[in-house]
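Lettering follows sequence order; numbering is per chain, from 1. These numbers come from the heavy atoms of this one structure, side chains and all, not from hydrogens, waters or symmetry mates. What you are looking at is a predicted structure, and each value in this text was computed from that prediction instead of being measured.
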2 protein chains.
Amino acid sequence: MAKRPRIADVAAAAGVSTATVSMVLNGTGGRRIGAETSHRVRQAAESLGYRPNSVARGLRTRRTQMIGFIGDDVATTPFAGQMIRGAHDAAKDAGHLLLMTDTGGDPGEIAEAVEALQQRQTDGLVIATMYHQVVELPESAAALPHVLLNSRPARGGCSWTAPDEKGGSEAVLSELTALGHTRIAHLTTAEDVPAKHLRAETWRDLAGPEAADLYREVPSASTPHGYAGALELLRRADRPTAVFCFNDRMAMGLYRAAAELGLSLPDDLSVVSYDDQELIAPALHPGLTSAALPHYDMGRWAVEELLRRMSEPGAEPAGRLMPCPVARRDSTAPPA
Amino acid sequence: MAKRPRIADVAAAAGVSTATVSMVLNGTGGRRIGAETSHRVRQAAESLGYRPNSVARGLRTRRTQMIGFIGDDVATTPFAGQMIRGAHDAAKDAGHLLLMTDTGGDPGEIAEAVEALQQRQTDGLVIATMYHQVVELPESAAALPHVLLNSRPARGGCSWTAPDEKGGSEAVLSELTALGHTRIAHLTTAEDVPAKHLRAETWRDLAGPEAADLYREVPSASTPHGYAGALELLRRADRPTAVFCFNDRMAMGLYRAAAELGLSLPDDLSVVSYDDQELIAPALHPGLTSAALPHYDMGRWAVEELLRRMSEPGAEPAGRLMPCPVARRDSTAPPA
DNA sequence: CTGAAAGCGCTAACAA
DNA sequence: TTGTTAGCGCTTTCAG
């Protein structure tokens with residue numbers, strides 16, 4: 001196995017200087033290279049299997065074709081992996097690779113992560129959170145172009161993308177109202193996160209005052225809590241005809257509660273939800289109608305925006321609410 | 001915002017040469033540096049906030065402190081993210097970062113990915129698959145130390161780690177036999193993957209010949225197919241007292257089938273399964289006893305092994321079957 | 001004990 | 001139209 005050829009090897013093989021090789025291979029240097037020379041160089045590079053060493057190139061050009069991806073535990077959350085994939089695909093399309101770090105959820109560690117990535121000369125930073133939230137960035141981050149993924153900046157000044165919770169909630173609620181439901185409950189979590197407030201507000205607006213008492217908060221957005229909350233909601237004499245669950249995990253608890261109470265879905269009760277987790281929403285029976293969190297799209301957008309900002313440094317930072325398309329399944333029907 | 005200081009800046013500040021700075025900061029050069037000089041250098045570096053530029057260092061030392069991570073769609077699979085996390089954590093502990101690529105499942109793309117990572121001078125490669133399988137590596141991979149994650153090499157010669165499917169199956173089946181079950185069914189998939197065969201063989205060995213007719217294969221390991229298969233298994237007159245499901249998704253289907261047939265878990269039927277997916281196993285009711293796929297541990301081991309092989313290039317490749325601990329919940333009881 | 005200098009592989013001025 | 005040369009920021013002989 002021969003050693004990797006260097007630019008000097010192809011220069012020698014083509015009988016030109018390394019500068020010429022560099023120029024033809026990079027398409028730089030305008031129209032100053034003769035067609036014949038150019039061809040010979042390409043030929044030589046090809047036959048030697050030459051690949052430029054990007055470390056050396058990076059040292060020279062100060063661009064490494066790597067994007068730093070900082071997560072707050074991103075790899076942990078099942079669906080958040082789609083954010084990585086979206087970011088990865090967009091990066092790859094532009095000839096970049098993702099250099100990953102995880103802070104393990106410790107906001108203090110983010111400055112450290114920025115430092116490590118800066119040291120490696122990543123061209124830019126994507127800072128991702130697994131849940132939609134507001135983040136406070138260390139000022140060291142400002143040294144590099146960066147965009148926030150699945151969260152908003154506390155102090156502005158940088159691009160960000162987050163799910164359009166209001167739009168998704170409206171869409172999923174209108175599945176219910178379009179069928180004629182008027183008594184629509186909301187089963188949600190007590191956790192203080194943007195998603196909770198945005199979904200609840202939208203419900204309040206669309207379900208109207210007559211639904212005001214059909215609101216139930218439980219300590220966490222888990223299946224057991226969803227079950228418990230659903231039980232209370234569904235045992236009432238003036239039981240709702242439909243419920244909008246904060247997320248699929250809670251809806252999974254509600255399915256069980258409904259089954260235990262002898263309610264058949266969707267005839268006795270319609271259900272819609274949020275997140276569209278692939279392990280849950282299509283696996284429940286009947287299939288759960290749910291607004292999808294656009295993780296892949298957000299991931300893609302984040303690095304596309306990053307690349308744009310890298311190429312035009314003067315541009316204004318952009319914020320983008322990503323649409324949450326509803327995955328329609330079989331958990332809704334007209335009220336009985 | 002000042003520019004990042006270079007080594008020359010700290011050399012100037014400390015009144016020494018850059019060589020000296022390099023030596024004290026890297027602890028290289030043995031005892032040849034005076035304690036006082038050493039202190040002054042550190043002081044200067046500290047106060048300037050100096051961080052060595054790892055691109056420049058990489059060019060010189062040919063080590064980048066980056067490990068290439070090639071996945072076949074890794075970020076896509078919900079639980080496989082834990083492999084990334086394990087790999088990431090081990091890398092971080094050793095001062096390395098993960099440079100990620102995804103082949104999108106196309107085996108042809110793996111050579112391309114190896115090329116891209118090699119060009120970036122990653123110190124080694126982790127090649128991960130989301131499902132336990134046998135992989136054929138392009139020979140270009142041999143140029144770099146590499147280890148297989150969640151799969152075995154077709155031709156040997158490299159280190160690998162995969163789940164101990166037999167051990168996990170035994171453990172989970174013995175939950176059943178210990179309770180006195182003798183009629184234990186196996187509900188599995190027709191897909192031709194190592195996990196399917198290993199789990200089924202173990203079941204055949206432990207459940208004994210009297211269970212031979214309690215075997216049911218369905219086209220895929222999904223919830224709907226699990227439901228359909230379970231229905232057939234549970235409708236039989238000589239219904240099993242327990243079932244070992246290929247995975248949690250199928251078990252989820254079985255739960256529904258049991259409920260529809262009026263069987264109460266675990267009293268009328270015990271269930272154990274495999275994968276221990278966090279969105280499913282603990283969320284079902286009753287909680288599902290399941291053998292966990294040790295994704296995190298495998299990820300960690302893979303990079304630890306990689307680092308070991310990088311430091312002792314002569315060492316023999318190692319293979320490691322990672323234990324699958326059983327997560328005990330409430331889906332088992334003695335036979336009625 | 002420390003400094004000078006070479007060079008990792010590449011690109012971009014500047015010459016020719 | 002092409003070649004020469006000077007670095008990018010660091011580590012590492014080799015002199016002193």
Note to self: Base, sugar-phosphate or nothing for B:Ser54? Non-hydrogen atoms, less than 4.0 Å.
What the structure shows: nothing
Next item on the list: Give one of base, sugar-phosphate or nothing for B:Val16, where a contact means two heavy atoms less than 4.0 Å apart.
Entry: sugar-phosphate
Between [options], which nucleotide has the shortest distance from any of its atoms to the side chain of [X]?
X       : options                : answer
B:Tyr50 : C:dA13, D:dC10, D:dT12 : D:dC10
B:Arg60 : D:dT4, C:dC8, C:dT2    : C:dC8
B:Ser22 : C:dG3, D:dT12, C:dC8   : D:dT12
B:Ala19 : D:dG3, C:dA4, C:dT11   : C:dA4

Below 4.0 Å: OP1/OP2 of [N] and any side-chain N or O of [X]:
X       : N      : value
B:Asn26 : D:dT11 : yes
A:Thr61 : C:dA12 : no
A:Thr20 : D:dG3  : yes
A:Arg57 : C:dG9  : no

Margin query: Tell me the closest heavy-atom pair linking A:Leu97 and B:Leu117, and the distance in Å.
Written below: CD2-CD2, 3.7 Å
Margin query: Please compare A:Thr18 and A:Leu59 by the position of their nearest nucleotide in DNA chain D and report the one closer to 5'.
Written below: A:Thr18
Next item on the list: Inspect the contact between B:Arg300 and B:Asp93 and indicate whether a charged nitrogen and a carboxylate oxygen are less than 4.0 angstrom apart.
Entry: yes
Margin query: Quick test of your reading of the model: are A:Glu316 and A:Arg309 salt-bridged, counting only N-O distances below 4.0 Å?
Written below: no
Rounding to an integer number of Å, can you tell me how far [X] [atom1] sits from [N] [atom2]?
X        : N      : atom1 : atom2 : value
A:Arg40  : D:dT1  : CZ    : C1'   : 12 Å
A:Gln65  : C:dC10 : CD    : C1'   : 14 Å
A:Ile7   : D:dT2  : CD1   : C1'   : 14 Å
B:Arg6   : D:dC8  : CZ    : P     : 6 Å
B:Met23  : D:dT12 : CE    : C1'   : 7 Å
A:Gln121 : D:dG9  : CD    : P     : 8 Å
B:Gln119 : C:dG9  : CD    : C1'   : 13 Å
B:Arg120 : C:dC8  : CZ    : P     : 22 Å

Next item on the list: Hey, which sits more toward the 5' end of DNA chain C by its nearest nucleotide, B:Ser38 or B:Arg62?
Entry: B:Ser38
Notebook entry, point to check: Taking atom types as modelled and ignoring hydrogens, do the side chains of B:Arg40 and B:Gln43 form a donor-acceptor contact shorter than 3.5 angstrom?
Noted result: no
Check: Would one find more than 12 heavy atoms of other residues, nucleotides or ligands at under 6.0 Å from atom CD of B:Glu312?
Finding: yes
